[in-house]
Amino acid sequence: MRRKLIAGNWKMNGLRASAASLIQELLDGISGAEPSFELLACELLVCPPACLLETVGGLTAGTPVELGGQDCHCAEAGAHTGDISAVMLKDAGCAYVILGHSERRSDHGESDALVRAKAGAALAAGLTPIVCVGETAAERDDGRTLAVVETQLAGSLPELGPGRPPIIAYEPVWAIGSGRTPSTSEVGEVHGGVRRWLEARLGAEAAAAVRILYGGSMKPGNAAELLAVPDVDGGLIGGASLKAEDFLAIARACG
Ligand code: 13P
C-alpha cells in the first residue's frame, strides 16, 4: 500500500519568524493538542524557501514533519552562482526535492532534459525527487492532456533503478493558484494514465510503488474528494500549506 504524502510547497513565501510560527502550529496540531488527529494515515512534508531550511529543519528534526527543497542544480558543486545542489539540500536535512514545477519551467525556462538531470542528481544524493508535470489550459482544451503529461514524464523522469522511486506530481498549470480544479473523473483519468504509462515501462510491481500526487488549488473543502480518487497518492499544496489549520485539515482528509 502506498502511504499518502501531503507536501507543502511554500514557494517564495515566509520569513524566519512566520516560518517558525507556522511550523510550531503544525507541530502543536499533530502532537496531542488534537488527540483525534489520525496522523500518520499520511506522511507530512514541508518545502520552504532555501534560506528557511535551517530555521524550519531545526524545528522539524525528530518530528514526523519532513523537510524538502523546491529545486536543485544538477551538479554537485561548482561555479553556479545562486544555485543549490542536491547534496547541499541533503546536508541541510532534506529528504525530498520538488523538481520541474511549472513555475520553474516558465520562470526559468527549465526543459524536460534539465529536470531529468536534476532528478538524477537528487537520487544520487539520496533525495527523493518530486517531479512535476501538467498541461496548460490550451493543451487541455485541445484534448492533449495525457499526451502532454506523457511527453513530460518521458523527458523528465530519471533512469529508474532499485531504491526509493521518484514521486510524480500532476499539477494542471491552469489549476495552480486559480481556485479551479479538474473534476474528480478528470483527475482519475490522468492519474490512471500515468500509472498505466509507468506499468508499461517498469512493470506492474515497480509502477505500483510510485506515488502520484495531485496539485493545484487543493484546499480543505475539496481535499477529501480529490484524495479519494484512485491513484491519487497525496497532494502537493501551495497556498493552503501556508496556514497550519488548512494544511492539517488536508492531511486529516487522507484518513
Ligand atoms: P496552489 O495550491 O496554491 O494552487 O499551488 C499548487 C502548487 O503549485 C503546488 O506546487
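Residue indices begin at 1 and follow the sequence shown. Counting starts at 1 for both ligands and their atoms, following the listed order.
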Task: Close approach, G177 and ligand 1, non-hydrogen under 4.0 angstrom - done: yes

Task: Q70 and H101: CA distance, side-chain angles, deciding distance, side-chain hydrogen bond (donor to acceptor under 3.5 Å, both in side chains) verdict - done: CA-CA 8 Å; Q70 297 180 10; H101 191 281; over 6 Å; no

Open item on the list: Tell me whether R2 at atom CZ has more than 12 heavy atoms from other residues, nucleotides or ligands lying less than 6.0 Å away.
Closed with: yes

Open item on the list: Return the closest protein heavy atom for atom 2 (O) of ligand 1 as residue, atom name and distance.
Closed with: G238 N, 2.9 Å

Open item on the list: Please determine whether a side-chain nitrogen of the Lys or Arg among D233 and R195 lies less than 4.0 Å from a carboxylate oxygen of the Asp or Glu.
Closed with: yes

Task: Smallest separation among heavy atoms of E43 and R211, with atom names - done: OE1-NH1, 2.9 Å

Open item on the list: So, 4.0 Å and heavy atoms of K11: is ligand 1 close enough to count as a contact?
Closed with: yes

Task: Qualifying residues under ring-ring contact (aromatic ring centres under 6.0 Å, His included), relative to Y96, sequence neighbours excluded - done: none

- [ ] Among all protein heavy atoms, pick out the one at the shortest distance from atom 7 (C) of ligand 1; state its residue, atom name and that distance to 0.1 Å.
- [x] E171 OE2, 3.2 Å

- [ ] Would you mind telling me if ligand 1 is within reach of the side chain of N9, the backbone, both or neither, using heavy atoms under 4.0 Å?
- [x] side chain

- [ ] Return yes or no for this condition: an N or O of S217 is under 3.5 Å from an N or O of ligand 1.
- [x] yes

TODO: Kindly confirm or rule out an N or O of G239 lying under 3.5 angstrom from an N or O of ligand 1.
DONE: yes

- [ ] May I ask you to list the atoms of ligand 1 that are less than 4.0 angstrom from any heavy atom of H101?
- [x] 7 (C), 8 (O), 9 (C), 10 (O)

Task: Whether H191 and Y214 hold their rings parallel, tilted or perpendicular, with breakpoints at 30° and 60° - done: tilted

Task: Min N/O separation G216 to ligand 1 under 3.5 Å - done: no

